[in-house]
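Note sheet for the following structure.
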Amino acid sequence: MTVRTRFAPSPTGYLHIGGARTALFSWLHARQNAGAFVLRIEDTDRERSTPEAVQAILDGMTWLGLDWDEGPYFQSQRTDRYREVIDRLLAEGQAYHCYCTKDELDAMREAQREAGHKPMYDGRCRNRSEPREGVDPVVRFRAPDAGKTVADDRIHGRVAFDNAELDDLIIARSDGSPTYNLTVVVDDWDMGITDVIRGDDHLNNTPRQMQILAALGVEPPRYAHVPMILGEDKKRLSKRHGAVSVLQYRQDGFLPEALINGLARLGWSHGDDEVFTRDDLLRLFRVDDVGKQASVFNQDKLLWLNGTYIRAREPAELVEPLTEQLQSRGLDPAAAPADLEAIIASLQERSKTVAEMADTGRFFFADFEAFDAKAAQKNLKPAVEEPLQAVRDGLAGLTEWTAESVHGVIQAVVDARDLKFGKVAQPIRVAVTGGTVSPPIDVTLRLLGQATTLERLDRALVYIRERAA
RNA sequence: GUCCCCAUCGUCUAGCGGUCCAGGACAUCGGCCUUUCACGCCGAAGACGGGGGUUCGAGUCCCCCUGGGGACGCCA
């Protein structure tokens, strides 16, 4: 049987890293087995589902390169089918109408809690034959009272639940709309899903879904419940844990392959290896090898991974993400004084994110307003006026503007005065970049171009003289 | 509270009864390199939650406790 997996998010918010990881695992499992990856939007909660969220999820998956073969299917468009299954269950006596009111149920649960029991529906409407006046009934699934329901999970192994612990859950609301556990079951069945890979917060739903499947006479899929991703405080992930939206990582200058790599290494490993490309994962990943314990997503490690991927990419492959970052800063990539790829190459090994690349390389694309105060204080002192002027004059005389020729000029000034290279290089750096960080000074000047370099050196010279005066 | 799941360095993890005075990675702290910042290299510190078993031998198997997470909704 060909493998069919699915990712079934509810569109109530952005695609967060927990969802992205289960999507990744499902995607990998399908791709490894030449199977199909189905995308299904679980939007039965009309109140909270939004089209913006659907778009955010689609965008996030696309950015990560998690392409789907079928869908997106929308549960909101399948209500007739759910109705059909609910009617069948009703007709077969495997489901029944329940007329209990909210107040009645609350009172019941309260009493159970007080008695030290798990709150659950006691089945009081199971044998009711008469409708109750003025109450629109819900439909409940008649769950078995005795025995066990056993799930054979790829990650957790055999998990057994006492049927006595499972109550008659609502499969249709009083307005007739189907609920989650019913729609999941019907969809996975109709869509021929063979492997359900989802967060283990759903482990408790599994026996319920298996019971409905059994009532329908359908073989359950294979389950793999992957552990949750927790925040730094070991609590469930939420907005308060910083960047959790996949698209936010994009905005922050992360590369999709870094996020994929980082997500895959949460709960899964392959010996001592840390860096996995998409192809590596396709070759080595096994859902069955995923660990059982919940984990915390470590931003520092992702940053390190992102740096390795930035260095691994060809400069040309960074043009697009860098352009995005420059534009979001109001900078014009076309204003680059040199070939954009050459600028990128000079910035690669000192950037952990593309955002950082745009920030440290900012001076290439726009002039700066003022020198960094501390940098100027320390480097643009009267003592450097003379050597700086010498460098300026030497550079002005160059007819060939290369890193080598630039370096030659600076080296000559340094040698003639018996200085250390840095004593001259750093003031130049502050003069042309405004700050203390940039690629090697000869490369920086070469990239900046002769005219701009001379202009900014002159300005720094004026600054030094004014400060001295 | 009840049920389910989980438990190795700060974090992600290796370990599948002896080769573990527990290995790798990130972070941290030293050092080297150096034209700044980085990159790179070298080194240090840092963990088997506790208690019982089983066994010649337990990080590895079993039980209990503790701790954490999840579920218990006319949310998904």
Side-chain angles (χ1 to χ4, degrees), chain A residues 8-12 42-45 47-49 75 98 100 102 105 109 112-121 136-140 151 153 155-156 159-162 164-167 169-175 177 179-181 183-184 199-207 225 227-228 230 232 234-236 262 265-275 291-305 307-308 311 347-352 356 360 375 379 407 410-411 414 420-426 428-430 433 435-444:
Chain A
S10 62
T12 53
E42 311 217 321
D43 56 351
T44 51
D45 183 350
E47 305 285 296
R48 300 197 295 154
S49 300
Q75 291 191 323
C98 169
C100 293
K102 179 103 167 56
L105 293 174
R109 284 193 270 255
Q112 289 165 331
R113 243 180 234 281
E114 235 152 77
H117 295 298
K118 164 155 54 173
M120 47 192 272
Y121 185 63
D136 288 327
V138 298
V139 178
R140 285 184 187 272
D153 193 271
I155 292 168
H156 290 277
V159 184
F161 297 83
D162 268 323
E165 291 289 336
L166 277 10
D167 63 1
L169 74 256
I170 293 172
I171 55 177
R173 303 185 183 95
S174 47
D175 66 359
S177 64
T179 59
Y180 172 72
N181 280 297
T183 57
V184 169
D200 69 8
D201 47 337
H202 285 292
L203 195 51
N204 288 292
N205 287 322
T206 304
H225 286 92
M228 315 240 69
L230 274 21
E232 303 280 353
K234 301 262 190 165
K235 293 276 190 264
R236 201 193 176 111
R265 276 289 286 103
L266 271 194
W268 176 84
S269 66
H270 183 262
D272 286 342
D273 301 341
E274 294 290 350
V275 180
K292 301 173 182 179
Q293 64 272 50
S295 46
V296 175
F297 194 39
N298 187 229
Q299 298 294 320
D300 284 331
K301 193 157 185 174
L302 179 66
L303 224 33
W304 168 75
L305 268 175
T308 73
R311 273 170 263 135
L347 259 14
Q348 266 173 306
E349 71 179 14
R350 64 206 85 238
S351 306
K352 282 191 159 61
E356 192 184 333
T360 55
N379 297 287
H407 188 268
I410 300 173
Q411 191 67 59
V414 165
K420 288 197 65 175
F421 196 90
K423 285 291 178 196
V424 178
Q426 198 61 353
I428 299 174
R429 176 169 284 114
V430 176
T433 73
T436 56
V437 176
S438 88
I441 198 64
D442 47 6
V443 175
T444 300

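Below, each value reflects all heavy atoms present in this structure, side chains not excepted, and no hydrogens, waters or symmetry copies. In the text below, chain A, chain B and the rest are named by the order of the sequence lines, each starting its count at 1.
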Taking atom [atom1] in both [N] and [M], what distance in whole Å separates the two?
| N | M | atom1 | result |
| --- | --- | --- | --- |
| B/G51 | B/G67 | C1' | 15 Å |
| B/G68 | B/G49 | C1' | 11 Å |
| B/A71 | B/U60 | C1' | 30 Å |
| B/U34 | B/C29 | P | 23 Å |
| B/C6 | B/C48 | C1' | 16 Å |
| B/C12 | B/G1 | P | 26 Å |
| B/C4 | B/U11 | P | 28 Å |
| B/C64 | B/A7 | P | 15 Å |

Heavy atoms under 4.0 Å, any strand shown: does [X] hit a base, just sugar-phosphate, or nothing?
| X | value |
| --- | --- |
| A/Asp273 | nothing |
| A/Val138 | base |
| A/Gly262 | nothing |
| A/Glu42 | sugar-phosphate |
| A/Thr44 | sugar-phosphate |

With a 3.5 Å limit on both atom pairs, tell me what [N] is paired to, counting Watson-Crick and G-U wobble, or say none.
| N | result |
| --- | --- |
| B/C21 | none |
| B/U36 | none |
| B/G46 | none |
| B/G10 | B/C26 |
| B/G59 | none |
| B/A71 | B/U2 |
| B/U54 | none |
| B/C16 | none |

Tell whether [X] reaches the base of [N] with its side chain through a donor-acceptor pair below 3.5 angstrom.
| X | N | result |
| --- | --- | --- |
| A/Ser174 | B/C74 | yes |
| A/Asn298 | B/A27 | no |
| A/Lys301 | B/C12 | yes |

Sequence neighbours left out, what passes ring pair (Phe, Tyr, Trp, His ring centres under 6.0 Å) with [X]? Give chain and number order.
| X | answer |
| --- | --- |
| A/Tyr121 | none |
| A/His156 | none |
| A/His270 | none |

Measure the distance from [atom1] on [X] to [atom2] on [N] and round it to the nearest whole Å.
| X | N | atom1 | atom2 | result |
| --- | --- | --- | --- | --- |
| A/Ile171 | B/A76 | CD1 | C1' | 17 Å |
| A/Arg113 | B/U2 | CZ | C1' | 9 Å |
| A/Lys118 | B/U2 | NZ | P | 11 Å |
| A/Phe297 | B/C26 | CZ | C1' | 12 Å |
| A/Leu166 | B/C72 | CG | P | 12 Å |
| A/Asn181 | B/A76 | CG | C1' | 9 Å |
| A/Glu165 | B/C4 | CD | P | 7 Å |
| A/Glu274 | B/U13 | CD | P | 10 Å |

**Report entry** From A/Ser10 atom OG to A/Gln75 atom CD, the distance as rounded to the nearest 0.5 Å
**Finding:**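 The CD atom of A/Gln75 is 9.5 Å from OG of A/Ser10, to the nearest 0.5 Å.
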With [X] via side-chain hydrogen bond (donor to acceptor under 3.5 Å, both in side chains) - residues at least two apart:
| X | answer |
| --- | --- |
| A/Asp272 | none |
| A/Asn204 | none |
| A/Gln112 | none |
| A/Asp162 | A/Lys148 |

Under 3.5 Å, which protein N or O atoms sit close to an N or O of nucleotides 40-48 of chain B? Give each pair with its distance.
residue: B/G40; atom: OP1; partner: A/Arg311; partner atom: NH1; Å: 3.4

Report task. State which residues pass salt bridge (charged side-chain N to carboxylate O under 4.0 Å, His left out) with A/Arg265; sequence neighbours excluded, sorted by chain then number. Result ->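 By the salt bridge (charged side-chain N to carboxylate O under 4.0 Å, His left out) rule, A/Arg265 matches A/Glu274.
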Query - With A/Lys102 via salt bridge (charged side-chain N to carboxylate O under 4.0 Å, His left out) - residues at least two apart - result: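 So A/Lys102 forms a salt bridge (charged side-chain N to carboxylate O under 4.0 Å, His left out) with A/Asp106.
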Requested in this report: Can you see which heavy atom on A/Pro119 is nearest to which on A/Arg113, and at what distance?
Outcome: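 Between these two residues, the closest heavy atoms are CG-NH2, 3.6 Å.
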Ignoring backbone atoms, test whether [X] places a side-chain nitrogen or oxygen under 4.0 Å from the OP1 or OP2 oxygen of [N].
| X | N | answer |
| --- | --- | --- |
| A/Arg109 | B/G73 | yes |
| A/Lys292 | B/C6 | yes |
| A/Ser269 | B/G24 | no |

**Report entry** A/Ser295 side-chain proximity, nearest of B/A76, B/U13, B/C72
**Finding:**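 For the A/Ser295 side chain, the nearest candidate turns out to be B/U13.
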**Report entry** B/S/- contact track for nucleotides 33-38 of chain B, protein heavy atom under 4.0 Å
**Finding:** --BBBB
Does [X] reach the side chain of [Y], with side-chain heavy atoms less than 4.5 Å apart?
| X | Y | value |
| --- | --- | --- |
| A/Asp167 | A/Lys118 | no |
| A/Arg429 | A/Ile441 | yes |
| A/Thr444 | A/Ile428 | no |
| A/Gln293 | A/Pro227 | no |

Can you tabulate the close N/O pairs, meaning under 3.5 Å, that link protein atoms to atoms of nucleotides 63-70 of chain B?
residue: B/G69; atom: OP1; partner: A/Lys235; partner atom: NZ; Å: 2.5
residue: B/G70; atom: O3'; partner: A/Arg236; partner atom: NH1; Å: 3.3
residue: B/G70; atom: N2; partner: A/Asn204; partner atom: OD1; Å: 3.4
residue: B/G70; atom: N2; partner: A/Asn204; partner atom: ND2; Å: 3.2

Query raised in the report: Nearest nucleotide by nearest heavy atom, which residue falls closer to the 5' end of RNA chain B, A/Leu302 or A/His156?
Result: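 This one resolves to A/His156.
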